[in-house]
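Worksheet for the structure shown next.
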Amino acid sequence: MANDEVVNGVSERGGHPVEQKLMRQWSMRIKAYAERLLTGLDKVDWTDSIKDQQRNWIGRSQGASVHFKVDGFEGKTIEVFTTRPDTIYGVSFMVLAPEHPYVDEITTNEYRVAVEQYKKEASLKSERDRQADVKNISGQFTGAYAIHPFSGEKVPVWIGDYVLASYGTGAVMAVPCGDQRDWDFAKHFNIEIRNIFKDIDISEAAYAEKDAVITGSDFLNDLPAKEAIKRAIEEIEKRGIGKGKVQYRLRDAVFSRQRYWGEPFPVYYKGETPYLVDDAHLPITLPEIDKYLPTEDGEPPLARADKASWNYSQGDRMEYNTMPGWAGSSWYFLRYMDPHNENEFVAKDKVEYWQNVDLYIGGSEHATGHLLYARFWTKFLFDMGYIPFDEPFQKMINQGMILGRSSFVFRLKFSYKGEEKFIFVSKNRMDNKSFASELSKLYPDSSLEYVLDFTPIHADISLVDNDVLDIEAFKKWRPDFADAEFILEDNGTYVCGHEVEKMSKSKYNVQTPDELVEKFGADTLRMYEMFLGPLEQSKPWDTKGINGVHNFLRKFWRLFHDKDGNVSLSNEAPTKDNLKTLHKTIKKVEDDLDRFSFNTGVSNFMICVNELTDQKCNNREILEQLTILLSPYAPHIAEELWVKLGHQPGTILQASFPTFNAEYLVEAAHAYPVSFNGKMRFKLELPTSFSKEEVEKAVLADAQSQKWLEGGQPKKVIVVPGKIVNVVL
RNA sequence: GCGGAUGUGGUGAAAUUGGUAGACACGCUAGACUUAGGAUCUAGUGCCGCGAGGCGUGGGGGUUCGACUCCCUCCAUCCGCACCA
């Protein structure tokens, strides 16, 4: 069960108890690639946001591992990882994670009961709970002491759940003067806080910056922290008590799932030992089973299959787990290059030809999942010599999500004659708290109690019009609402709340485009989605403006037809204005395509069609070029008009893309915006051949300038030829 | 707390290299037309003002002849991470 399906220890759907169970899982050693996954980010063209998320996730930290001997346990050492080996003389205690394997062994009899008790408490908390519970400092002394590797002093060993078993070695050397968590722990348990920073006050908080000078630390004295780190590592290595080390937060990735729908592993077992199925027997396909459910004793669904239902089986049994979604999503793009190849996943010459994906448009929600796994997988295949690149996606654009507008009903829980009851309260009655009088009317009993406990519940948006709920439809919608009661607005309606969220079946806010396609056609929908705004931006789905795009396509269509709807095209040479409009559009649309600015691309088409309409242009040559230009945006209408233009048989897909010719855009005159002190006051049309001086002269001589000059002389006149004029007064 | 992003009319937005802020579209206002079509056409539409004009890109400051754009600072919203030693 997924974590979010578990609520308060029971399953969200059936309310069944959920217990945690240890399971043997396959996992992939992504950790082995941590460093390369980090450095590889420098050579791909992705957003900083995704790169940072991945860097964060990989969590590289540089430091040292140090071994502390345990007093009275010959040959036993506690290994810790620290990023601040320079503060080693500030160590006044050590903390092990409660799950650390040494805990039982080193705990003295005196502390055994307390340690057992603490371990038990910690084990009841999941890792999530622990993280949510940062404020509470807890821990327990074990009675054991470690030996400081430099000073030889005895250092008490504690256990505490702020130390995570899953990171580093599951143990830390605590330096309260330099680490806030250690400081908090020391304060709480009254442990010595040793200050090894020169002229730094640590009475109120730890000092974590790496800019202090070290003191009271023998060979590290008077060194600034950064140098002391290097020096400390040298010394640690020299004395053989540890070494410089890089630690990653990234964990190995679990690669098995206990469900039916996934690629089966080509693995069989003899006893408890797994073996790989020989290549000759591949592929292993999913066996048929009676129910897609786990077995009675909790084995995955595949355990239901007997040997005969597998297309191949060997040994005592086949593997029951299946692969996760990221098995396929990590490398499917490679298979696309050579989908019918029976012998290998992709032939060498094909992958050498296609290389990695040039442009990947995908959601940023996969930053630390799919997008990391695919990189890992690609690097592995590169190392194995199967593919000639080690980054899968060269450039990536994260398209924004189209969000939904959810509707909510508000369920009030109350008790009546000792019985728990629910009623749905309309939004405004809830907001202004006027529901109470209504409730006591419906339940006229002095023993009525209610708690101010409103639960917003998603209502299907098809049951809601303009935030008003169709009550009868709502009752029929789900059986548990059949007898629902309501407190309505004064006008007798139920008003819902709303929120913009991700579109999702579970939120009942999904809008399908089918109806719009029916009404306006797929071209309109396609262009409207582009027109909504920049590709990377998320926004709620709102069809208010779709008419504008639809009208544009109608207007475009009208250019080809007379008012009776018959095709009417002129075969004469296009006018200068026609050509100017067309070529301006070619240029802009091309530029917009290059920078993935589809919304401005659409508006450039609109401008073009508006201009051609004003020019009453029905010129075949112009319209033919424009149709080709539009075809990636509105493929259906373009294809249809292509036929009307007389290209049959054939498809517009085979037409060559229009080429921009700058000659048509050359202007003899430019309307200069004339500014005074940076404020645009009027425009003045001047020949483009004018020099700076000529422009300046013409502007100052113009009658309109007099008003702003007020008889004075300008301090300065800035002329940017072909652009603007600014007169400084 | 750390990191990333965003902030412009009534609305979605545009301004690509520091050079006319609000293109294009929705909506709205007034009008025309009519075969009444999710039509078409004309004019208007950032705010204040009768006007001249003033103000205006989250707030404040700066650089510049000129700033939505560059710098400093603050605020708000969204996303990701968060006891990682």
Side-chain angles (χ1 to χ4, degrees), chain A residues 47-57 59-61 63 80-84 87 95 127 130-135 137 160-164 166-175 178-182 184-185 208 247-251 364-365 367-368 398 400-401 500 519-520 528 531-534 536-540 542-552 554-555 558 563 588 591-592 594-595 597 599-608 610 613 671-683 707 714-720 722-729:
Chain A
T47 60
D48 289 339
S49 145
I50 297 258
K51 286 187 182 183
D52 281 347
Q53 279 183 55
Q54 293 206 345
R55 287 191 188 109
N56 211 321
W57 191 257
R60 181 185 201 273
S61 44
V80 299
F81 174 73
T82 176
T83 55
R84 296 296 302 273
T87 63
V95 187
E127 199 157 310
R130 275 208 211 174
Q131 288 179 9
D133 196 23
V134 180
K135 297 269 146 52
I137 296 163
D161 70 2
Y162 83 96
V163 175
L164 305 175
S166 55
Y167 182 75
T169 59
V172 301
M173 57 175 227
V175 182
D179 184 287
Q180 193 58 45
R181 295 154 303 178
D182 297 344
D184 292 340
F185 194 87
Q247 186 74 44
Y248 301 93
R249 203 192 68 127
L250 183 72
R251 300 185 194 183
S364 55
E365 67 271 24
T368 54
N398 303 118
M401 221 184 302
V500 171
K519 212 147 127 188
F520 297 106
Y528 180 58
F531 189 57
L532 276 175
E536 302 86 353
Q537 229 161 77
S538 288
K539 50 174 60 76
D542 180 1
T543 57
K544 251 192 277 164
I546 198 166
N547 262 316
V549 173
H550 192 234
N551 289 344
F552 154 74
R554 296 171 66 105
K555 209 165 171 181
R558 244 181 284 134
K563 63 180 192 314
K588 289 197 159 169
D591 289 351
D592 287 343
D594 285 344
R595 59 194 182 103
S597 178
N599 54 328
T600 53
V602 173
S603 79
N604 279 317
F605 280 115
M606 289 174 168
I607 293 166
C608 176
N610 288 347
T613 302
Y672 278 92
V674 180
S675 302
F676 290 80
N677 286 339
K679 288 240 182 273
M680 207 278 284
R681 297 304 179 181
F682 60 87
K683 283 184 195 170
K707 180 177 164 191
K715 276 194 199 132
K716 201 173 172 185
V717 179
I718 313 255
V719 176
V720 185
K723 292 255 168 156
I724 54 106
V725 178
N726 190 16
V727 182
V728 186
L729 298 172

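Because the structure is a prediction, the values reported are computed rather than measured. Here is how names work: the chains are called A, B, and so on, in the same order as the sequence lines, proteins then strands, and each is numbered from 1.
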Name the closest nucleotide to the A:Asn726 side chain, picking from B:G12, B:A13, B:G66.
B:G66
Find the distance between CZ (A:Phe531) and OG1 (A:Thr600) and round it off to the nearest 0.5 Å.
10.0 Å
Hey, does A:Arg55 reach any base, or is it just sugar-phosphate, or nothing, if we go heavy atoms under 4.0 Å?
nothing
What is the distance, to the nearest angstrom, from the CG atom on A:Asn547 to the C1' atom on B:C24?
16 Å
Reckon A:Asp542 touches a base, only the sugar-phosphate, or nothing at all at heavy-atom distances under 4.0 Å?
nothing
Report yes if a side-chain nitrogen or oxygen of A:Arg681 is closer than 4.0 Å to either non-bridging phosphate oxygen (OP1 or OP2) of B:G66; otherwise report no.
no
Within the 4.0 Å heavy-atom criterion, would you say A:Ile718 contacts the bases, only the backbone, or no part of the nucleic acid?
base
Would you say A:Gln537 reaches B:C78's phosphate, i.e. side-chain N/O to OP1/OP2 under 4.0 Å?
no
Scanning all shown strands, the Watson-Crick or wobble mate of B:C55 with both distances under 3.5 Å is B:G46
Categorize A:Ser603 for me: base, sugar-phosphate, or nothing, with a 4.0 angstrom heavy-atom threshold over every strand shown.
base
Roughly how far, to the nearest 0.5 Å, is the CG atom of A:Asn726 from the NZ atom of A:Lys716?
9.5 Å
Would you say A:Arg558 reaches B:U40's phosphate, i.e. side-chain N/O to OP1/OP2 under 4.0 Å?
yes
Kindly point out which of B:G80, B:C24, B:A85 is positioned nearest to the side chain of A:Phe531?
B:C24
Rounding to an integer number of Å, can you tell me how far A:Lys679 NZ sits from B:C55 C1'?
8 Å
In terms of side-chain heavy atoms of A:Asp179, which of B:G53, B:G4, B:A85 is nearest?
B:A85
For atom CZ of A:Phe520 and atom P of B:C26, their distance in whole Å
12 Å
Please tell me which of the listed nucleotides, B:U16, B:G19, B:A85, lies nearest to the side chain of A:Asp592?
B:U16
Between B:G80 (C1') and A:Gln54 (CD): distance, integer Å
12 Å
Is A:Val549 close to A:Met606 at the side-chain level, that is, under 4.5 Å between some pair of heavy atoms?
yes
Proximity to the side chain of A:Ile607 - top-ranked nucleotide from B:C81, B:U16, B:C24
B:C24
Residue matched to B:C81 through Watson-Crick or wobble contacts both under 3.5 angstrom
B:G1
Are OP1 or OP2 of B:U40 and a side-chain N or O of A:Asn551 less than 4.0 angstrom apart?
yes
With heavy-atom distances below 4.5 Å as the criterion, would you say the side chains of A:Thr87 and A:Met173 are in contact?
yes
RNA chain B: A:Lys539 or A:Tyr248, which has the more 5' nearest nucleotide?
A:Lys539
Please give, in whole Å, the distance from B:G53 C1' to A:Lys707 NZ?
8 Å
Taking the C1' atom of each, how far is B:A67 from B:U77, in whole Å?
24 Å
Paired nucleotide for B:C70 [Watson-Crick or G-U wobble; both distances under 3.5 Å]:
B:G62
Nearest-nucleotide 5' precedence on RNA chain B, A:Gly168 against A:Asn610:
A:Asn610
Return no unless some side-chain N or O of A:Tyr167 is found under 4.0 Å from OP1 or OP2 of B:A85.
yes
Taking only the C1' atom of each, what is the distance from B:C28 to B:U20 in whole angstrom?
26 Å
Syn or anti for B:G58, taking syn as within 90° of 0?
anti
Tell me: CG of A:Asn599 to C1' of B:U16, nearest whole Å?
13 Å
If you look at every strand shown and take non-hydrogen atoms under 4.0 Å, does A:Lys683 touch a base, only sugar-phosphate, or nothing?
base
What integer number of Å spans the C1' atoms of B:G22 and B:G46?
7 Å
Separation of A:Lys544 atom NZ from B:C26 atom P, in whole Å?
13 Å
Checking all strands, does A:Lys563 fall into the base, sugar-phosphate, or nothing category for heavy-atom contacts under 4.0 angstrom?
nothing
Over how many whole Å does the gap from A:Met680 atom CE to B:C55 atom P extend?
15 Å
Determine: side-chain N/O of A:Ser675 to OP1/OP2 of B:U20, distance under 4.0 Å, yes or no.
no
With heavy atoms under 4.0 Å as the rule, sort A:Arg60 into base, sugar-phosphate or nothing.
nothing
Closest to the A:Lys519 side chain: B:G38, B:A85, B:U11?
B:G38
